[in-house]
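Okay, so here's the structure we're looking at.
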Amino acid sequence: MRPHSRLLQRPPHEDPHRASAPPLYLSATYRLSDPEGSEGGFDYARSGNPTRAELEARLADLEGAARALSFASGLAALRCLLGSLPARPRVVASADLYGGSLRLLGDAVENRDFDLVLGRDEEELEQALRGGADLLLVESPGNPGLGILDLRRLARTARDAGALFAVDASLMSPWLMKPLELGAEVVLHSATKFLGGHADLTAGVLAVANEALGERLARRQNAEGNALAPFDAWLLMRGLDTLGLRVERQQESATEVTRALVGEMRSPHFRVFHPSLASHPGGEVHARQARGPGSLISLKFRSPPQARRFLEALEIFALTVSFGSVRSTASLPAAMSHASVPQDLRRGSRAEAGLLRLSIGLEDPRDLIDALRRADATLRDERSARGSTP
Ligand SMILES: Cc1ncc(COP(=O)(O)O)c(C=O)c1O
């Protein structure tokens, strides 16, 4: 079955009442015929719920995973993964991680829960892995700098070092990248982004290649009680139905917007980063490991105040944290998603002041280009006003 059909038809939807759309089971408890039994497979909603089970089966199919688990947020998923490591583990991670992930790792280091080494590129990560590690955690493209890492190469190094290899693929979604096929053992998603797609829920996913690891994580999830609630699981499934259409259209629009930004409206005020550009660092590696450039664009302004003024003048794009929604958004990660990252963990991050992240939604790209052109014109006007001031 082809991907768009498979997204809607696999695994086959089964329901005792023959409902044709996924039903929402809110019940916290399930009737047992005897104290030991749970013949329907469910007894208590923290441990399992039919709506969540249907979602997780669909997510596992999408990722090509042995098992997928859904959590209350992306960070809850990461927390569960970190908690499943052996005592006082050594973690190696890419420096261009989402700010909240860096903060979580930083807190764990401060509490002496584990050792952490950050690497900015494959060489630094490999160097760190030579000292042995329990987990290698990376993002590619990174958030927000869109830095690319060679995932096949890192999978080999992690295997040789005996480290579990986990990839946070929130920026791509499984529609564009399937890290398990590239050698990763765990995929992490903030499903708050493209999987949900409508900025109306927070959710996280762990998908794993190995059934035994899946079972270990599921036991921990049950013990910690951070699984996704039934309503959010149902809403997330509804988002999944249109994942392919949304992601492909948003990506096409982002490529069109990028083309305009570097072409007809080339601005002296910022540099444009999008993996569709031939000049994008690591672009060739990205093309080998993903099915497209995605729909996030980073603009690196010459000065941070310029980025702020551009943002103030920018219409249509809502100023919000997060990304991946059907509506276009803009953010200044250094002041927003990465503001709480401890300084020493920010060194290798590309969330510098002056970096503006755009998430392209489903609006007509011509309207988005017009809005960007108008915002840039306000900066040009300022320059010429300054130039003409005696
Ligand atoms: C790449 C990435 N990973 C993980 C997270 C954390 O996910 P959540 O906000 O759903 O906890 C985010 C959130 O922005 C993210 O951008």
Side-chain angles (χ1 to χ4, degrees), residues 55 59 63 68-83 91 93-108 118 135 137-149 151 166-177 179 184 186-207 221 224 226-229 232-233 235-236 239 247 275 286 290 294-298 318-325 329-341 345 348-351 355-360:
L55 165 71
L59 289 167
E63 293 284 2
L69 299 167
S70 57
F71 294 82
S73 70
L75 285 186
L78 178 58
R79 178 73 211 111
C80 182
L81 176 65
L82 296 175
V91 175
S94 54
D96 198 19
L97 284 184
Y98 161 62
S101 306
L102 282 172
R103 186 184 49 205
L104 186 59
L105 294 171
D107 285 355
L118 296 180
L135 175 71
L137 170 67
V138 304
E139 277 178 41
S140 182
N143 179 13
L146 306 181
I148 305 298
L149 291 168
L151 298 179
V167 176
D168 180 337
S170 305
L171 269 75
M172 288 277 96
S173 88
W175 197 257
L176 296 183
M177 190 165 80
V186 183
V187 186
L188 187 145
H189 283 286
S190 167
T192 315
K193 314 296 188 281
F194 292 100
L195 288 169
H198 295 74
D200 53 10
L201 67 100
T202 61
V205 175
L206 289 179
Q221 181 188 51
E224 291 181 345
N226 49 14
L228 191 61
D232 290 338
L235 202 52
L236 181 49
V247 166
H286 180 76
S295 53
L296 295 195
I297 303 171
S298 287
L319 172 63
T320 69
V321 294
S322 202
F323 56 84
S325 164
T329 58
S331 76
L332 277 179
M336 296 164 72
S337 54
H338 286 64
S340 60
V341 179
L345 296 187
S349 166
R350 300 189 190 164
L355 187 99
L356 184 96
R357 189 186 65 201
L358 301 173
S359 174
I360 303 299

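Because the structure is a prediction, the values reported are computed rather than measured. For ligands, and for the atoms within them, numbers begin at 1 and follow the listed sequence. Atoms considered below: every heavy atom in the structure, side chains included; atoms not considered: hydrogens, waters and symmetry mates. Positions are given from 1, in the same order as the sequence printed here.
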Considering only protein heavy atoms, which is closest to [atom], and at what distance to one decimal place?
atom: atom 16 (O) of ligand 1; answer: N143 ND2, 3.0 Å
atom: atom 8 (P) of ligand 1; answer: G74 N, 3.3 Å
atom: atom 6 (C) of ligand 1; answer: Y98 CE2, 3.5 Å

Nearest option to atom 2 (C) of ligand 1, as decided by whichever heavy atom of D168, L78, L75 sits closest: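 Among D168, L78, L75, the closest heavy atom to atom 2 (C) of ligand 1 belongs to D168.
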
For atom 10 (O) of ligand 1, which candidate among V321, L296, L195, T192 provides the closest heavy atom?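 Looking at heavy atoms only, the winner is T192.
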
Exam field: side chain S295 to backbone S359, donor-acceptor pair closer than 3.5 Å: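 Absent.
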
Would you mind telling me if ligand 1 is within reach of the side chain of A203, the backbone, both or neither, using heavy atoms under 4.0 Å?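 For A203, the contact with ligand 1 is made by the backbone alone.
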
Atom indices of ligand 1, in the order listed, that fall short of 4.0 Å to a heavy atom of [X]:
X: K193; result: 9 (O), 12 (C), 13 (C), 14 (O), 16 (O)
X: E139; result: 1 (C)
X: F323; result: 16 (O)

Is there a donor-acceptor contact under 3.5 Å linking the side chains of T320 and S322?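 S322 and T320 do not have a side-chain donor-acceptor pair below 3.5 Å.
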
Report the C-alpha separation of V167 and V186 in whole Å, then their side-chain angles, then the decisive distance to 0.1 Å, and conclude whether the side-chain contact (heavy atoms from CB on, under 4.5 Å) test is met. CA-CA 6 Å; V167 176; V186 183; over 6 Å; no

Contact (N/O only, under 3.5 Å) between S190 and ligand 1: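 Yes, S190 has an N/O under 3.5 Å of an N/O on ligand 1.
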
